[in-house]
Amino acid sequence: MPRSTASAAGSSRSSARRRLSRRAVSRVSWQGSPRWSNTSTRGLPCMGCASSTSATSTGSEAVTNDSDAGRRAGDVPYRFARDTTAAEVHERFGSLGIGESSGVVASVAGRVMLSRPQGKVAFAELRDSSGPIQLFATEKGTPGYEAFCRLTLGAWIGVTGDVVRTRRGELSVAVGSWEVLARSRHNFGDKWRGVTDVETRYRQREMDLWANPASRRVFTMRSKLITELRHQLERRGFLEVETPVLQPIPGGALARPFTTHHNALDVDLFLRIAPELYLKRLVVGGFERVFEIGRVFRNEGISPRHNPEFTMLELYQAYADYGDLMSLTEELVAGLAHELCGSARIPYGGKELDLTPPWRRATLLELVAEQAGIEISLDTPIDELARISQEHGGQTTGGPGKLVLEIFEKTTEATLWGPVFVCDYPAEVSPLARRHRHMPGMVERFEAIVAGRELANAFSELVDPDDQRSRFVAQASARAAGDEEAMVLDEDFLRALERGMPPTAGLGIGIDRLVMLLADVANIRDVILFPTMRPEAHGD
RNA sequence: GCGCCUCUAGCUCAACGGCAGAGCAACGGACUCUUAAUCCGCAGGUUCUGGGUUCGAAUCCCAGGAGGCGCACCA
């Protein structure tokens with residue numbers, strides 16, 4: 001029998017059958033399932049046809065003469081009245097006995113991931129976003145049975161039928177009717193090993209997500225993390241805001257920006273490297289607790305821990321100092337770990353990481369002395385600092401503050417495993433942070449180091465407009481000396497400070513790296529759906 | 001940017017100077033309860049690209065492309 005005939009006949013028969021099964025369903029009804037009653041009335045009215053069902057069968061019949069009808073991508077219905085998910089079926093019928101039929105009809109839809117035709121019966125694994133459910137088809141009970149057996153892996157189908165448990169104990173939907181919702185012209189990798197080629201996984205993420213459960217897990221976790229983060233911040237009285245991505249002066253961080261151009265205004269604009277300056281202006285404006293979760297862009301190299309665009313949380317809290325934000329940081333991170341991993345003690349890179357508050361707090365200089373045995377301060381002669389930095393492969397340019405930071409990063413940062421707040425940075429490398437109330441030359445700033453890497457950066461914000469102006473001037477001279485990452489003076493921001501900014505503390509957390517930490521992955525590209533890649537040559 | 005490594009069928013991988021192969025997918029067939037079903041059959045290739053060495057190159061050399069890791073920079 002030609003494939004097309006079987007397929008078309010199967011489709012139209014399944015359509016008739018579907019109407020029957022709908023009645024059957026409304027008779028049986030899933031108690032407590034509000035979805036059910038909504039389903040039949042949901043969806044767009046089908047203009048020019050009695051129902052979407054008749055539209056489907058018309059479509060199928062229209063291509064009966066086409067010898068390749070079954071393979072045409074356009075030959076699919078406009079909607080499918082799914083009424084439950086794979087996970088719901090498992091949840092609701094988990095106790096169904098072996099070989100029993102529930103007598104309840106369900107409509108499920110998803111992609112065919114495995115197919116095991118076996119003569120007069122056939123099994124298939126259907127997967128939707130909730131997970132897998134087995135389909136059980138029989139020559140007697142399944143219209144278009146032969147076409148069902150010929151479904152290729154990757155096809156989307158909609159299925160309606162009794163929920164049953166097979167003799168071998170697998171909960172299944174017995175296929176009473178079915179229809180193709182989409183065909184796949186490309187396969188989804190090795191059905192056992194999935195897709196391991198990392199380039200394919202990053203470039204063709206849709207394939208990766210279907211083929212690799214671990215990848216789905218990571219991105220699901222990422223989404224939940226951001227949702228939970230919002231909830232936690234909103235519970236604490238923070239207001240979520242959005243500030244410009246296109247900025248005339250890229251500020252708030254030390255980094256090189258991407259440049260773009262606005263035609264109508266005929267001005268160059270920059271993609272933001274941080275939202276910081278705008279968020280602080282909102283504090284001046286009276287929003288005492290604000291946060292933004294958004295994409296920032298830095299025109300820098302790509303590495304397992306760097307993507308040119310990444311997601312950052314920044315928050316600002318009036319009347320608070322950096323000590324308050326240490327408490328907030330450890331509570332937020334531990335809370336997220338609890339929510340997503342079930343515990344504040346999580347595995348990372350084969351080791352254990354205990355994120356339970358309180359985290360250790362130590363000064364940068366203390367940690368350098370402790371970890372590297374190097375006793376330095378901002379008063380150490382600059383030649384000596386340069387020599388130590390060089391000894392450890394660091395740069396030798398800049399003032400004492402920059403050299404101290406360089407020495408910390410080269411000798412100490414990566415050795416810090418457990419969460420630790422590294423406190424009190426040189427003012428020289430922190431042009432937006434407030435001077436330390438006790439330590440000259442230092443600012444009240446901390447970085448949270450977890451698993452040897454910076455997870456958060458925060459400080460008591462510099463609120464003195466005169467000091468801020470002189471810091472900008474210092475940055476300008478660094479810039480004139482060739483430092484492309486130095487900041488540019490921002491008069492709008494200074495005017496805001498001149499209007500009066502209350503004592504405020506600000507915090508930034510790299511969301512991608514937080515996801516990496518909680519999901520236990522080593523490459524930032526595994527937590528970004530479409531990481532930045534060199535465009536692929538399509539030589540065809 | 002620099003260094004090291006990788007690139008073979010749609011996917012996962014062999015062959016490492018001597019006829020380019022396997023499993024899965026696809027395609028054809030058998031099979032009435034499978035679980036990566038099994039079995040039989042068929043087909044599938046610019047071995048990333050371009051040069052070179054050689055009687056002979058997927059294999060060795062050079063150049064280029066894409067990717068990974070490390071360094072550098074940062075979050």
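What you see below is based on every heavy atom in this structure, not just the backbone, and it leaves out hydrogens, waters and symmetry mates. As the structure is a computational prediction, the values presented were derived from the model and not from experiment. Each chain gets a letter, A, B and so on, in the order the sequences are listed, and its residues count up from 1.
Among the nucleotides rA72(B), rU32(B), rU35(B), the one closest to the side chain of E170(A) is rU35(B). If you check rC27(B), rA36(B), rC33(B) against the side chain of F136(A), the one that comes closest is rC33(B). Each of rU35(B), rC71(B), rC13(B) was ranked by its minimum atom distance to the side chain of R305(A); first place goes to rC71(B). The listed nucleotides are rC11(B), rC33(B), rG67(B); the one nearest the side chain of N187(A) is rC11(B). Nearest nucleotide to the H306(A) side chain, out of rA25(B), rC74(B), rG70(B): rC74(B). Side-chain proximity of F123(A) to the nucleotides rA66(B), rC13(B), rC33(B) is greatest for rC33(B). Which of rC74(B), rC24(B), rG70(B) sits closest to the side chain of R298(A) comes down to rC74(B).
The stretch residues 398-411 of chain A comes close to RNA chain B through E406(A), K410(A), each having a heavy atom under 4.0 Å from the strand.
With a 3.5 Å limit on both pairing distances and Watson-Crick or G-U wobble geometry required, the stems of 3 or more pairs in RNA chain B span B:1-7 with B:65-71, B:10-13 with B:21-24, B:27-30 with B:38-41, B:48-52 with B:60-64.
The environment of E409(A) atom CD is dense: over 12 non-hydrogen atoms of other residues, nucleotides or ligands sit within 6.0 angstrom. Surrounding CD of E206(A) are more than 12 heavy atoms belonging to other residues, nucleotides or ligands, all under 6.0 Å away. The environment of CZ in R256(A) is sparse: at most 12 heavy-atom neighbours from other residues, nucleotides or ligands sit within 6.0 Å.
Straight-line distance between the P atoms of rC74(B) and rC61(B): roughly 38 Å, to the nearest whole Å. Rounded to whole Å, the P atom of rG21(B) lies 13 Å from the corresponding atom of rU47(B). With both ends at atom P, the span from rG3(B) to rA63(B) equals 11 Å, rounded to whole Å. Remark: the separation of the P atoms in rA14(B) and rU53(B) is 31 Å, to the nearest Å. Nucleotides rU59(B) and rC48(B), compared at atom C1', are 15 Å apart to the nearest Å. The gap from the P atom of rG41(B) to that of rU8(B) amounts to 29 Å, rounded to the nearest Å. Here, rA37(B) and rU32(B) have their C1' atoms 14 Å apart, quoted to the whole Å. Spacing of P atoms, rA26(B) relative to rC39(B), comes out at 16 Å, to the nearest Å.
The distance between atom CZ of R453(A) and atom P of rC74(B), rounded to the nearest whole Å, is 16 Å. Across the protein-nucleic acid pair, Y202(A) atom OH and rU6(B) atom C1' stand 14 Å apart, rounded to whole Å. In this structure, E454(A) atom CD and rC74(B) atom C1' are separated by 8 Å, rounded to whole Å. Atom-to-atom, CD of E413(A) to P of rC71(B) comes out at 13 Å; the value is rounded to the nearest Å. Note: NZ (K140(A)) to C1' (rC33(B)) measures 15 Å, nearest angstrom. In this entry the distance linking CD of E199(A) with C1' of rG65(B) reads 10 Å, nearest Å. Whole-Å rounding puts the R185(A) CZ to rC27(B) C1' distance at 18 Å. In this entry the distance linking CG of D162(A) with C1' of rC33(B) reads 17 Å, nearest Å.
Proximity of R534(A) to the phosphate of rG67(B): a side-chain N or O atom is located under 4.0 Å from OP1 or OP2. OP1 or OP2 of rC69(B) has at least one side-chain nitrogen or oxygen of N523(A) nearer than 4.0 Å. Checking the phosphate oxygens (OP1, OP2) of rU35(B), no side-chain nitrogen or oxygen of T166(A) falls inside 4.0 Å. Contact annotation: Q204(A) does not reach the phosphate of rG10(B) (side-chain N/O to OP1 or OP2, under 4.0 Å). One finds no side-chain N or O of T152(A) lying less than 4.0 angstrom from the OP1 or OP2 phosphate oxygen of rA26(B).
Residue-level contact check: Q395(A) touches the backbone only, with heavy atoms under 4.0 Å from sugar-phosphate atoms and none from bases. Within 4.0 Å of N307(A), counting heavy atoms only, lies at least one base atom of the nucleic acid. If you check every strand for non-hydrogen atoms under 4.0 Å, E485(A) touches sugar and phosphate atoms only. Here G99(A) lies out of heavy-atom contact (under 4.0 Å) with every strand. Within 4.0 Å (heavy atoms only), D197(A) reaches sugar-phosphate atoms of the nucleic acid but no base atom. Within the nucleic acid shown, S172(A) has no heavy atom closer than 4.0 Å to any nucleic acid atom.
Without hydrogens or angle criteria, T142(A) side chain to V175(A) main chain gives a donor-acceptor distance under 3.5 Å. Using a distance-only test at 3.5 Å, with no hydrogens or angles considered, no donor-acceptor pair links the side chain of R205(A) to the main chain of F530(A).
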Less than 3.5 Å apart, which donor and acceptor atoms pair up between the side chains of residues 290-299 of chain A and the rest of the protein, not counting sequence neighbours?
unit_1: E292(A); atom_1: OE1; unit_2: T243(A); atom_2: N; d: 3.3
unit_1: E292(A); atom_1: OE1; unit_2: T243(A); atom_2: OG1; d: 2.6
unit_1: E292(A); atom_1: OE2; unit_2: T243(A); atom_2: N; d: 3.1
unit_1: E292(A); atom_1: OE2; unit_2: R272(A); atom_2: NH1; d: 2.8
unit_1: E292(A); atom_1: OE2; unit_2: R272(A); atom_2: NH2; d: 3.4
unit_1: R295(A); atom_1: NH1; unit_2: E309(A); atom_2: OE1; d: 2.6
unit_1: R298(A); atom_1: NE; unit_2: I273(A); atom_2: O; d: 3.0
unit_1: R298(A); atom_1: NH2; unit_2: I273(A); atom_2: O; d: 2.8

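On a pure distance criterion of 3.5 Å, a polar donor-acceptor pair joins the side chain of D190(A) and the base of rG23(B).
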Close N/O contacts between protein and nucleotides 37-41 of chain B (under 3.5 Å):
unit_1: rA37(B); atom_1: OP1; unit_2: K191(A); atom_2: NZ; d: 2.5
unit_1: rA37(B); atom_1: OP2; unit_2: R116(A); atom_2: NH1; d: 2.6

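Under the ring pair (Phe, Tyr, Trp, His ring centres under 6.0 Å) criterion, F459(A) pairs with no residue, sequence neighbours left out. Applying the ring pair (Phe, Tyr, Trp, His ring centres under 6.0 Å) rule to F219(A) yields no partners; only residues at least two apart in sequence or on another chain are considered.
In summary, the side chains of T200(A) and D197(A) do present a donor paired with an acceptor at a separation below 3.5 Å, with no hydrogens or angles considered.
Of the two residues near RNA chain B, F188(A) and A124(A), the one whose nearest nucleotide lies more 5' is F188(A).
L340(A) places none of its side-chain heavy atoms less than 4.5 Å from the side chain of E228(A). The side-chain heavy atoms of Y316(A) and E276(A), taken from C-beta on, include a pair separated by under 4.5 Å.
The pair E88(A)-R92(A) fails the salt-bridge criterion, with no side-chain N (NZ, NE, NH1 or NH2) lying under 4.0 Å from an Asp/Glu carboxylate O. For R434(A) and D321(A), the salt-bridge test fails: no basic side-chain N is under 4.0 Å from an acidic carboxylate O.
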The test is side chain to side chain donor-acceptor pair (under 3.5 Å); show your working for E406(A) and S389(A) and say whether it passes.
CA-CA 7 Å; E406(A) 187 77 9; S389(A) 176; 4.7 Å; no
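Relative ring orientation between W178(A) and F148(A) is described as perpendicular, the plane-to-plane angle rising above 60° on a 0-90° scale split at 30° and 60°.
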